[in-house]
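Only one structure is covered here, and it is reproduced in the block below.
A, B, ... follow the sequence lines: proteins, then strands. Residue 1 opens every chain. For clarity, every value in this text was computed on a predicted model and none was experimentally measured.
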Amino acid sequence: MGQTIVQKIIAKQCGLNSVNVGDVVEPQVSLAMSHENAALVINQFSEIYKGLNVEANVWDASKIAIIFDHRVPAESKKTATNQKKIRDFVAKQGIEKFHDIRGDEGGICHQILPESGYVMPGGIVVGTDSHTTTHGALGAFSFGIGATEMASVWALGTILNVEVPATIKVIVDGELPKYVSAKDLILYLIGKISAEGANYKVLEFHGSTIRNMTTSGRLTLCNMSVEAGATSGIVPPDSETENYLRTVAGYKGELEYILPDEDAEYVQIVEIDANKIEPQIACPHTVDNVKPISEVEGKSVQQIVIGSCTNGRLDDIKIAADIVRGKKINKSTRMLVFPASSRIYQEAMELGYVGDLMKAGAVVMNSGCGPCLGVHQGALGDGEVALATTNRNFLGRMGNPSSEVYLSSPAVAAYSALTGVISNPNKGEN
Amino acid sequence: MSNVIYKIGDDISTDIIYPGRYMATVLPSETPQFAFADVTELNTMLNQKEKSIPAIIIGGKNFGCGSSREQAASTLKGHNITVVARDFARIFLQNSINLGLNTVICPEIEADENDELEISETEVKNITKNKTFPIIPLPKARQAIVEAGGLIPYTQVKLKAKLGL
């Protein structure tokens, strides 16, 4: 029996020829990523070494990445002190894949990793962030873990007691209609299989729609795979992956592709006709409460958020700029834009998108997680409604349990900023 | 035996268990005060509860979905809570095992607030309702971490072997 891509990656990282679903293994980690919660990882890491009478040093500093993104610049003395503690640790351990609060190389961890060439196809990436699933877009097995588990990885270089997951094959064929994007596709899938439809499983994406999709779109798909409960999302690498790694990430070395076997065994197959998908909206307060936009149109929104690790890349900002260029954001709403990285911000400036957005009335913030998780900037007032391109709409997610968050694509969010209500850009003049 | 102090619904996210705005507080000794901070009634109950008395929260399906923040597990452990739920989201369950928060997977659980439960290795007995519900045991791989007393001691054993200590 053939193997899925994740089975083959795990086997390789364990030095085995094959693994079966359900096997318990201890694979080598290719990259271990943390953000500000490295402060807790450092604490747990020192706990592991307590009483061992050896110096607490990480297994391989070159395989650890730390990116400040959740609260940048720091919103409180507590955060600032955590960040200081992490900087000291980074310096002591010689961690070079460290991205501080900077306008040249800063940004959101799930954008920094791919654009910096830190993620390679066929590797295992773990991160102390649930959206670490993002990096499956480049053909890596990539998943979120907790801080104590990361401390264990820092000490050992392996991840203990991994149970080889079963895989759901998602086949998407056809062409996504105008103003329908990877975001609509993943929302549609989550609505179809539910928030726990892929619990403990991997979503492996196939079909002509995926083959024709840019890496940016694939990052969006894999990013939100966790919202269906998936351990990871993954796209088998292809020429688009190579193109991204060479031109965007600037990677010059050898590339090794691991692909699923033709006769791999899948626990479930989901087929989707891309031609039939209309813009999708995830309604409060669960991400699987997904409705086609026709059922939600007209809902008043007071805040539009475009950005995050889900939809803050250059193509997302471009489509928003294209929609609002020369127009004005409705007086009844406000629009916040958070580019996913400083590099994307700079590109968006050079291409004039930042100016277009600002002239229309948007506020373009520095790169970071911003209001997505309600820790920093962009809080909602009691009874207010947000339409965001982010990934979660849980009760209280944007910092106020008396508010509501709807999720959409950048095109829908930008067009709705003009009207002040949830609106389908296909009905506009654009 | 302990009592159910609260019953909560399906898809309880880690944003509800431990809101994002408290994420800069990381140490297990400091996180308990913010447990369910936006569910005021439950937060008050937890903060007024005598820590030495164990108590049970009943969850629905997909308990602990969302963010990987480990504070969601440490905040409940700090209040000596056992969570009995129909099922759990992956990262939250793993974090609970790693930190030693008692989590019980009980797909058919029926229990209300103030019910008295007796939890064994195989079943949850609702003494108040005189009904018994089977438990789905943790996978063996995770059981080993529980038996070691959490991931830190479990890793220590592995690390000592690796370093030849």
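- You'll find the side chain of B/Leu159 reaches within 4.5 Å of the side chain of A/Leu52, heavy atoms only.
- The CD1 atom of A/Ile48 sits 4.5 Å away from the OG1 atom of B/Thr155 when rounded to the nearest 0.5 Å.
- Within the 4.5 Å cutoff, side-chain heavy atoms of B/Met23 are placed close to those of A/Leu373.
- Residue A/Ser194 holds its OG atom at 7.5 Å from CG of B/Asn62, rounded to the nearest 0.5 Å.
- Heavy-atom contacts from other residues, nucleotides or ligands closer than 6.0 Å to NZ of B/Lys160 number 12 or fewer.
- Atom CD1 of residue B/Ile97 and atom OG1 of residue A/Thr148 lie 12.5 Å apart, to the nearest 0.5 angstrom.
- Scanning both residues, A/Val375 and B/Gly20, for their nearest heavy atoms gives CG1-O, 2.8 Å.
- The structure places CG of A/Asp288 at 6.0 Å from CG of B/Asp11, a figure rounded to the nearest 0.5 Å.
- Partner of B/Val26 under the side-chain contact (heavy atoms from CB on, under 4.5 Å) criterion, chosen from A/Leu40, A/Val41, A/Asn43, A/Asn37: A/Leu40.
- Contact tally against chain B (heavy-atom pairs below 4.5 Å) for A/Ala151, A/Gly229, A/Ala155: the top residue is A/Ala155.
- Here CG of B/Asp15 is found 4.5 Å from CZ of A/Arg397. Values are rounded to the nearest 0.5 Å.
- More than 12 heavy atoms of other shown residues, nucleotides or ligands fall within 6.0 angstrom of atom NZ in B/Lys61.
- Annotation: maximal heavy-atom pairing with chain B below 4.5 Å, among A/Glu149, A/His285, A/Glu163, occurs at A/Glu149.
- Neither the backbone nor the side chain of A/Val226 comes within contact range of chain B; no heavy atoms are under 4.5 Å apart.
- Proximity to chain B (any heavy atom under 4.5 Å) is shown, for A/His376, by neither the backbone nor the side chain.
- No more than 12 heavy-atom neighbours from other residues, nucleotides or ligands sit within 6.0 angstrom of NZ on A/Lys84.
- In terms of non-hydrogen atom pairs under 4.5 Å with chain A, the most contact-rich of B/Asn95, B/Leu151, B/Ile145 is B/Leu151.
- With a 4.5 Å cut-off on side-chain heavy atoms, A/Gln44 and B/Glu70 count as touching.
- Residue B/Lys125 qualifies as open at atom NZ: its count of foreign heavy atoms under 6.0 Å is 12 or below.
- Ranked by heavy-atom pairs shorter than 4.5 Å toward chain B, the options A/Phe45, A/Trp59, A/Tyr49 are led by A/Tyr49.
- Chosen from B/Val39, B/Leu27, B/Thr25, the residue pairing most often with chain A at heavy-atom distances under 4.5 Å is B/Thr25.
- At a 4.5 Å heavy-atom cutoff, the contact between A/Leu160 and chain B is made by side-chain atoms alone.
- The most heavy-atom pairs under 4.5 Å with chain A, out of B/Gly66, B/Pro139, B/Ala73, B/Cys65, come from B/Gly66.
- Only the side chain of B/Lys162 comes within contact range of chain A, with at least one heavy atom under 4.5 Å from a heavy atom of that chain.
- Salt bridge A/Lys78/B/Glu30: present, at least one basic N to carboxylate O contact under 4.0 Å.
- In this structure, the portion of A/Thr286 lying under 4.5 Å from any heavy atom of chain B is its side chain and not its backbone.
- In this structure the side chain of B/Arg90 reaches within 4.5 angstrom of the side chain of A/Thr231, judged on heavy atoms.
- Taking all atoms of both residues into account, the shortest heavy-atom contact from B/Ala24 to A/Asn82 is O-ND2, 3.0 Å.
- Interface remark: A/Val54 contributes side-chain atoms only to the contact with chain B (heavy atom separation under 4.5 Å).
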Check the pair A/Arg392, B/Ser13 against side chain to side chain contact (heavy atoms under 4.5 Å, CB included), reporting the backbone distance first and the verdict last.
CA-CA 10 Å; A/Arg392 289 192 172 131; B/Ser13 73; over 6 Å; no
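- Of the listed residues B/Asp87, B/Leu163, B/Ile16, the one with more heavy-atom pairs under 4.5 angstrom with chain A than any other is B/Asp87.
- In terms of heavy atoms, A/Tyr200 sits closest to B/Phe88 at CE1-O, 4.2 Å.
- Of all non-hydrogen atoms in A/Asn161 and B/Ala144, the two that sit nearest each other are ND2-CB, 4.4 Å.
- The closest side-chain heavy-atom distance from B/Arg69 to A/Ser130 is not below 4.5 Å.
- Smallest separation of non-hydrogen atoms from B/Ile91 and A/Gly146: CG2-N, 4.3 Å.
- Atoms NE2 and OG, on A/His70 and B/Ser67 in that order, are 6.5 Å from each other to the nearest 0.5 Å.
- When heavy atoms are compared at a cutoff of 4.5 Å, A/Glu26 approaches chain B solely by way of its side chain, counted from C-beta outward.
- Chain B forms the most heavy-atom pairs under 4.5 Å with one residue out of A/Leu156, A/Asp129, A/Thr158, and that residue is A/Leu156.
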